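First up is the structure itself, then whatever we jot down about it.
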Amino acid sequence: MHTLLVEDNDRMAHALGTALAVRGHTVRRVSRAQDALRHAGEAEFVLLDLGLPDLDGLELLRRLRPLCAAPLIVVTARCEEHDIVGGLRAGADDYVVKPFRMAELMARIDSVRRRTSPAPGTPGTEPPAPGESAAGRPGPVRAGDTVIDLAARTVTVAGAPVRLTRREFDVLAYLAARPGEAHSRAEILYRLWGDALRAASRSLDVHVAGIRTKTGRPHLVRTVHRFGYQLGPGTGGEPAAGDAQEPPAALGPAHR
């Protein structure tokens, strides 16, 4: 796998590059945003530091996403909530705060790779869903005036396209594949993130909020109190009390 490492600290870049090479990655390291944009198209995975000399890392992330669909993890010293939320909403698949354990970062890379390129039988792979077409491809799912095309990975609201990040679409598609069922937080985290880590739990809430905001349909993802989420009717107005954004529910011992 060819990894683009965007890191301006030489010592950190060396440590990351060595760890990645040991695990079979070929690494291109760049230290400036303009070089990251130049090489984005060749990347199969991206590690992105936010503290770059020529452009704020969050702005770089926003510019990278239209150019590069590769899985991307932000690796940064910025630990404020607005930075984490901003990174996830801008399209990061995960967010790791420095200092970190190298083994944990490598595990997160493996987890992101699994959920973005799932193989049959691995977390994230589901059996054919209701509404699947005769050709074996999932058909569009409708929720009010929202149409979720699972095969084309597109969303339209009242006929207008809505651009979601890859992870936001994954969450919405997972719920849409079983529109009549409520899904627990632990189930969603395991299926889409490959684990039920607390960090992933926070990420789930951010992506749900992003779906509601971008579609302008606060009922599209319904909160099932103290359990999880379900595809909602998708029709207008303010969210009902049960649909209001909640803090992450505590996970049981089996998921800690």
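The structure presented is a predicted model; accordingly, all values stated were derived computationally and were not measured.
In this structure the side chain of L47 never reaches within 4.5 angstrom of the side chain of V6, judged on heavy atoms. Taking the side chain as every heavy atom from C-beta outward, V75 and Y95 never approach each other to under 4.5 Å. Annotation: side chain of H2 is in contact with side chain of R28 (closest heavy-atom distance under 4.5 Å). Using a 4.5 Å cut-off on side-chain heavy atoms (C-beta onward), E181 and H183 make contact. Side chains of D54 and L60 form no contact here, defined as non-hydrogen atoms less than 4.5 Å apart. No side-chain heavy atom of R178 sits less than 4.5 Å from a side-chain heavy atom of L231. Taking the side chain as every heavy atom from C-beta outward, I73 and F45 approach each other to under 4.5 Å. For the pair L172 and H207, the minimum side-chain heavy-atom distance is 4.5 Å or more.
Under the side chain to side chain donor-acceptor pair (under 3.5 Å) criterion, R23 pairs with no residue, sequence neighbours left out.
Atom CD1 in I109 sits 5.0 Å away from atom CG in L20 (nearest 0.5 Å). M12 contributes atom CE, which lies 6.0 Å from atom CD of E7 (distance to the nearest 0.5 angstrom). In this structure, D49 CG and L5 CG are separated by 9.0 Å, a value rounded to the nearest 0.5 Å. To the nearest 0.5 angstrom, E44 atom CD is 10.0 Å from C68 atom SG. Between the CZ atom of R32 and the CG atom of L37 there is a distance of 11.5 Å, given to the nearest 0.5 Å. Here the CG atom belonging to L67 is positioned 13.0 Å from the NE2 atom belonging to H39, to the nearest 0.5 angstrom.
For the pair R65 (side chain) and G91 (backbone), a donor-acceptor distance under 3.5 Å is present. For T215 (side chain) and I211 (main-chain N/O), a donor-acceptor pair under 3.5 Å exists by modelled atom type.
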Test salt bridge (Lys or Arg N to Asp or Glu O under 4.0 Å) on D93 and R114; report intermediate values, then the result. CA-CA 12 Å; D93 294 290; R114 284 196 303 272; over 6 Å; no
With side chain to side chain contact (heavy atoms under 4.5 Å, CB included) as the criterion, how do R212 and V221 come out once you've worked through the C-alpha distance, each side chain's angles and the decisive distance to 0.1 Å? CA-CA 7 Å; R212 290 169 171 165; V221 177; 4.2 Å; yes
Run R78 and D56 through salt bridge (Lys or Arg N to Asp or Glu O under 4.0 Å) and show every step you take. CA-CA 12 Å; R78 296 186 191 176; D56 179 75; 2.7 Å; yes
Can V96 and V74 be said to form a side chain to side chain contact (heavy atoms under 4.5 Å, CB included), step by step? CA-CA 6 Å; V96 176; V74 169; over 6 Å; no
Between V157 and R217, is the side chain to side chain contact (heavy atoms under 4.5 Å, CB included) condition met? List the steps. CA-CA 9 Å; V157 175; R217 298 294 182 267; 3.4 Å; yes
What do the steps show when you test L4 against V27 for side chain to side chain contact (heavy atoms under 4.5 Å, CB included), and what is the final call? CA-CA 6 Å; L4 178 62; V27 181; over 6 Å; no
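Side-chain atoms of E187 and Y174 form a donor-acceptor pair, as typed in the model, at a separation below 3.5 Å.
The number of heavy atoms from other shown groups lying within 6.0 Å of CZ (R38) is above 12.
Contact record, V141 with A176: CG2-O, 3.6 Å, taken as the closest heavy-atom pair. Residues L64 and A40 come closest through the heavy atom pair CD2-CB, 3.5 Å. Residues G57 and L48 share a closest heavy-atom pair of O-CD2, 3.9 Å. Minimum interatomic distance between A70 and R166 (heavy atoms only, all atoms of both residues): O-NH2, 3.3 Å. Contact detail for A209 and R89: the closest heavy-atom pair is CB-NH2, 3.5 Å. Here the shortest heavy-atom pairing between A182 and Q230 reads CA-CB, 4.0 Å.
V147 and V162 are not part of a single hydrophobic cluster, where members link through side-chain heavy atoms under 4.5 Å apart. One hydrophobic cluster holds both L164 and L192 under the rule that ILVMFWY side chains link at heavy-atom gaps under 4.5 Å.
Classification of R142 and D149 as a salt-bridged pair fails, no side-chain N sitting under 4.0 Å from a carboxylate O. Ion pair R29/D10 flagged as a salt bridge, since at least one NZ, NE, NH1 or NH2 atom sits closer than 4.0 Å to an Asp/Glu carboxylate oxygen. At a threshold of 4.0 Å, the pair K214-E168 counts as salt-bridged, since one of the basic side-chain nitrogens sits closer than that to a carboxylate oxygen.
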